Number of protein chains: 2
Amino acid sequence: MPRAGLSEGRVVEEAEQLADEGGVVTLAAIAARLGVRVPSLYKHVAGSDALQQLIATRAKNELADVLGRASVGRARADAVEAIAWAYRRWATEHPGRYATTLRAPVPDDAADLAASERAIQVVLDALNGYGLTGAAAIDATRMLRATLHGFVALDAAGAFGLPDLDRSFARLIAGLQVMLESWPT
Amino acid sequence: MPRAGLSEGRVVEEAEQLADEGGVVTLAAIAARLGVRVPSLYKHVAGSDALQQLIATRAKNELADVLGRASVGRARADAVEAIAWAYRRWATEHPGRYATTLRAPVPDDAADLAASERAIQVVLDALNGYGLTGAAAIDATRMLRATLHGFVALDAAGAFGLPDLDRSFARLIAGLQVMLESWPT
DNA sequence: ACCGCAAAGCTAATACTGTTAGCCAAATAA
DNA sequence: TTATTTGGCTAACAGTATTAGCTTTGCGGT
């Protein structure tokens, strides 16, 4: 029996693809796609939970990259708008990976913690232009994350009616600008 | 063998309790708590999915009730503030039931659709005082739902650091007021 | 070139989950 | 009292994750 040439990375990639295609992310499904039996996967990942964790960490890093690239060279309203659209776009294009992004970082996983930090830092940097520091910056970051996540999450769940989502999102961003302009320091 | 005296309502209640206690909502766990074997549950609910559906519909109705009670007799800023705090409170006190609230209503379930409508209507009524109609009202409703859901979802996931959540939420509400005051009609 | 060994696949077995079929006793209706 | 419906049960099956243990591949060292 020839080897399939798997690796941790290969398994995680396949799981990510499967997740983003909306399939049920099960070891059985992943193994089938890789042309391998289920227990063979355990030679590369420690189990279902560990696999989820790997996907989550990679997703957080990728999201941080996307947001960082979107906001580079921009400030204030420009930066917020760019980040918002990039965030929504990545989340809707990668719903499976995005969903893993939300779970709290497990406290003993340094890589996961670092990835979470990176994503938040991009938002904090963008808000820097508004002169927010300390508690005000924390509040504003939480507000921004909550708003963006809430929109894409409700969208993904189909909780909104279908039409005019882009218009609603644009209005939302405009509203965020107003909010941030008047944010107390 | 004496009967356990179950009913659809009793099964759903137990599942709701289990969900809000953070347990894994599994037929096995529910049956154990009710002192009954798993297949017996099928005499009262049509299966795992159907049970989820029942919980979801009841949860949407309860949330609509809570928001409705909170906003009665209030308008504009008052109404928004009351709804926001009631929403967050109910969601954090009933995390399991709240989570079921987010799934899109299944199109052929009239009760579920009606429940979803009720909850949205409360928000729409509250925004009525701002003179929003048509597209503007839709945008504002989506914004409000997204913001509230985003905050409680990230909170529930532990995605925020622990401290000062009430302060951040209060700031968020204040920001929403500003946003709504300047919302274009 | 050969051996040895770690890595990578496999089968088999266990323990969960949900689900269906079919039995039997208990409550209820005639 | 008898007939029927109802609500519990056991048994069986399918799907999932996981572990144990076996075999073979393929690479590194001699």
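Below, chains carry the letters A, B, ... as their sequence lines are ordered, and counting in each starts from 1. None of the values given here were measured: they were computed from a predicted structure.
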Expected rows: protein N/O vs nucleotides 15-19 of chain C N/O, under 3.5 Å:
from   : atom 1 : to      : atom 2 : distance (Å)
C:dT17 : O3'    : B:Thr26 : OG1    : 3.1
C:dG18 : OP1    : B:Thr26 : OG1    : 3.2
C:dG18 : OP1    : B:Leu27 : N      : 3.1
C:dG18 : OP2    : B:Thr26 : OG1    : 2.7
C:dG18 : OP2    : B:Leu27 : N      : 3.0
C:dG18 : OP2    : B:Ala28 : N      : 3.2
C:dT19 : OP2    : B:Tyr42 : OH     : 2.8
C:dT19 : OP2    : B:Ser48 : N      : 2.7
C:dT19 : O5'    : B:Tyr42 : OH     : 3.0

Rounded to whole angstrom units, what separation is found between the [atom1] atom of [X] and the [atom2] atom of [N]?
X: A:Leu51; N: D:dT18; atom1: CG; atom2: P; answer: 10 Å
X: A:Leu41; N: D:dA20; atom1: CG; atom2: C1'; answer: 17 Å
X: B:Leu6; N: C:dA27; atom1: CG; atom2: C1'; answer: 15 Å
X: B:Lys43; N: C:dA21; atom1: NZ; atom2: P; answer: 12 Å

N/O donor-acceptor pair, side chain A:Arg3 with base C:dA7, under 3.5 angstrom: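 Such a pair is found, so the answer is yes.
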Test item: A:His94 side-chain N/O and A:Trp90 main-chain N/O as donor-acceptor pair under 3.5 Å: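 Yes; at least one donor-acceptor contact below 3.5 Å.
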Does the pair B:Arg88/B:Asp166 count as a salt bridge with the N-to-O cut at 4.0 Å?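 B:Asp166 and B:Arg88: salt-bridged.
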Residues B:Leu172, A:Asp139; criterion side-chain contact (heavy atoms from CB on, under 4.5 Å); working and verdict: CA-CA 8 Å; B:Leu172 176 66; A:Asp139 292 343; over 6 Å; no
Spacing of CG belonging to A:Asp20 relative to OH belonging to A:Tyr98, to within rounding of 0.5 Å: 13.0 Å
To the nearest 0.5 Å, tell me how far B:Ser7 OG sits from B:Arg10 CZ.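 Rounded to the nearest 0.5 Å, the OG-CZ separation comes to 7.5 Å.
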Side chain of A:Arg37 - closest among C:dT11, C:dA8, D:dT10: C:dT11
Verify the contact: side-chain N or O of A:His44 to OP1 or OP2 of C:dA7, cut-off strictly under 4.0 Å; return yes or no.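 For C:dA7, neither OP1 nor OP2 has a side-chain N or O of A:His44 closer than 4.0 Å.
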Just to confirm, is there a sub-4.0 Å distance from OP1 or OP2 of C:dC10 to any side-chain nitrogen or oxygen of A:Ser40? yes
Mark yes or no: B:Arg76 above the aromatic ring of B:Tyr130, with NZ or CZ under 6.0 Å from the six-membered ring centre and no more than 45 degrees from the axis.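 That pair qualifies as a cation-pi contact.
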